[in-house]
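Each remark here refers to the structure printed beneath this line.
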Amino acid sequence: QAKERGKNQVHYFTEELNQKILQHVTLEQDLRSGIKNKEFELYYQPKVKVETGEISGCECLIRWHHPTRGLIPPNQFIPLAENSGLIVQLGEWVLEEAIQQQLFWKKMYGIDLPISVNVSAHQFAHENFYTRLQQIFKDFEFEPNKLDIEVTESVLLDDSNHNLSILKMIRSLGVTTSLDDFGTGYSSLAYLKRFPINVLKIDKSFMDDYLSRTGSVFIQTIITMAHNLNIEIVAEGIEQQDQLNYLKSVDCEFYQGYFCSKPLPAKNFIELVQDSLNKQAKT
Ligand code: C2E
Ligand code: MG
Ligand code: MG
Ligand code: MG
């Protein structure tokens with residue numbers, strides 16, 4: 001009987017696995033055609049100056065308008081795009097789209113905001129990344145110093161020195177670099193000494209813990225160390241006034257979070273920026 005049950009479990013397991021594989025394969029095909037059919041959209045989340053509330057830039061975050069499944073958030077397809085290599089094409093689309101949007105805002109509204117774009121480890125390490133980036137700057141006549149590239153620790157984990165030299169090369173173009181999700185991986189402080197990083201983004205999970213003694217010690221230690229290395233701080237996932245007050249008390253430069261705004265479609269985002277500029281002008 002135990003044997004029967006074992007068999008059934010195996011059967012059940014394979015069924016489930018087949019389902020998973022099937023879903024995976026379908027989604028990968030969908031992703032491929034989605035790239036071809038341009039089913040993606042960028043949303044924009046303000047990066048805010050803690051002290052003044054000014055919007056000093058934005059992060060570009062991808063969304064997928066799937067023809068049958070509706071709006072899919074990045075966590076549900078970026079890993080697949082990375083594993084299948086499709087992230088290279090998708091990432092190029094993101095860069096071009098973000099850059100064109102920035103230029104459009106500048107031309108139409110005179111708003112010349114820096115944009116931050118997430119670049120995954122696979123895309124970053126790809127042999128053509130630097131060349132493509134240079135080409136895009138040239139094609140669109142874009143000032144590289146208006147682009148910030150967000151990478152995660154996985155980019156710094158590659159000890160072949162390839163990624164280090166790419167980072168240095170893009171920095172020499174004038175592009176700035178942010179280390180995303182700090183506090184979720186190994187978060188070795190040693191990286192910060194070796195890699196040219198302008199901005200450190202402290203992950204939401206860290207910021208959620210600011211009220212606890214250890215949480216606060218960690219946040220303050222990270223900030224102090226970063227400042228000593230001339231690195232600025234963005235606190236991620238700020239939702240409450242109390243958190244913002246805390247950020248002021250620890251000299252954190254920037255924040256992102258629902259407290260200011262969720263990521264928005266381009267049109268809504270630029271309206272928010274204009275409103276915010278009008279308010280600043282009145283005070
Ligand atoms: P991330 O780069 O760390 O982006 C921050 C995520 O936190 C975004 O989720 C944002 O919507 C969310 N967030 C911001 N403020 C708050 C808040 O106050 N509360 C809460 N609960 N969440 C907040 P999103 O847009 O779903 O993106 C998830 C991740 O997907 C990003 O994390 C990034 O790793 C990846 N991603 C997004 N767009 C791209 C892209 O174009 N290329 C690549 N390679 N990855 C991307
Ligand atoms: Mg990011
Ligand atoms: Mg992040
Ligand atoms: Mg994140």
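Both counts, for ligands and for their atoms, begin at 1 and track the order of listing.
Between Ile136 and Phe142, every side-chain heavy-atom pair lies at or beyond the 4.5 Å cut-off.
Sorted by first then second residue, the ring-ring contact (aromatic ring centres under 6.0 Å, His included) pairs that include residues 71-94, not counting sequence neighbours, are Phe40-Phe77, Trp64-Phe77. Listed by first and then second residue, the salt bridge (Lys or Arg N to Asp or Glu O under 4.0 Å) pairs that reach into residues 107-131 are Asp112-Lys146, sequence neighbours excluded.
Rounding to the nearest 0.5 Å places CG of Asp181 at 6.5 Å from OG1 of Thr152. Atom CD1 of Ile115 is separated from atom CG of Leu42 by 9.0 Å, given to the nearest 0.5 angstrom. Here the CD1 atom belonging to Ile55 is positioned 8.5 Å from the CD1 atom belonging to Ile270, to the nearest 0.5 angstrom. Here the CZ atom belonging to Arg132 is positioned 11.0 Å from the CD atom belonging to Gln123, to the nearest 0.5 angstrom. One finds the CG atom of Asn163 at 8.0 Å from the CG atom of Leu156 (value rounded to the nearest 0.5 Å).
The distance from the Mg ion (ligand 2) to the nearest N/O/S atom of Asp180 is under 2.8 Å. Coordination check, Asn118 versus the Mg ion (ligand 2): passed, since an N/O/S atom of the residue sits under 2.8 Å. The nearest N, O or S atom of Asp181 is closer to the Mg ion (ligand 3) than 2.8 Å. The Mg ion (ligand 2) lies under 2.8 Å from an N, O or S atom belonging to Glu150.
Distances below 4.0 Å separate heavy atoms of Gln45 from the following atoms of ligand 1: 14 (C), 15 (N). Each of the following atoms of ligand 1 lies closer than 4.0 Å to a heavy atom of Val94: 41 (O). Taking a cut-off of under 4.0 Å to the non-hydrogen atoms of Glu239, the atoms of ligand 1 that pass are 17 (C), 18 (O), 19 (N), 20 (C), 21 (N). The atoms of ligand 1 that sit less than 4.0 Å from any heavy atom of Ser120 are 44 (N). Close approach of ligand 1 to Pro74 is summarised as follows: ligand atoms under 4.0 Å from at least one heavy atom of the residue are 24 (P), 25 (O), 26 (O), 27 (O), 28 (C), 30 (O), 36 (N), 37 (C). Set against the non-hydrogen atoms of Asp180, the atoms of ligand 1 under 4.0 Å away are 1 (P), 2 (O), 3 (O). The atoms of ligand 1 that sit less than 4.0 Å from any heavy atom of Gly257 are 15 (N), 18 (O). Under a 4.0 Å criterion applied to the non-hydrogen atoms of Pro263, ligand 1 contributes the atoms 11 (O).
For Ile111 against Gln274, the heavy-atom pair with the smallest separation is CD1-CG, 3.9 Å.
For Lys262, no heavy-atom contact with ligand 1 is shorter than 4.0 Å. Of all the heavy atoms of Ile238, the ones lying under 4.0 Å from any atom of ligand 1 belong exclusively to the backbone. With a heavy-atom cut-off of 4.0 Å, Asp181 touches ligand 1 through its side chain alone. Neither the backbone nor the side chain of Lys201 comes within 4.0 Å of ligand 1, counting heavy atoms alone. At a 4.0 Å heavy-atom cut-off, ligand 1 does not touch Gln256 at all.
As for Glu59, its N/O/S atom nearest the Mg ion (ligand 2) is the one called OE2. Among the heteroatoms counted here (N, O or S) of Glu236, OE1 is the one nearest to the Mg ion (ligand 3).
Checking each of Glu59, Lys47, Lys204, Glu236 against Gln256 for a side chain to side chain donor-acceptor pair (under 3.5 Å) leaves exactly one that passes, namely Glu59.
Any N or O atom pair closer than 3.5 Å counts here, and Lys204 shares no such pair with ligand 1. An N or O contact shorter than 3.5 Å links Ile62 to ligand 1 by distance. At under 3.5 Å, not a single nitrogen or oxygen of Glu82, backbone or side chain, sits near a nitrogen or oxygen of ligand 1.
In this structure, of Val119, Ile72, Asn118, Thr152, the residue bringing a heavy atom nearest to atom 33 (C) of ligand 1 is Asn118. The closest non-hydrogen atom to atom 31 (C) of ligand 1, taken over Leu61, Ile87, Asp208, Leu42, comes from Leu61.
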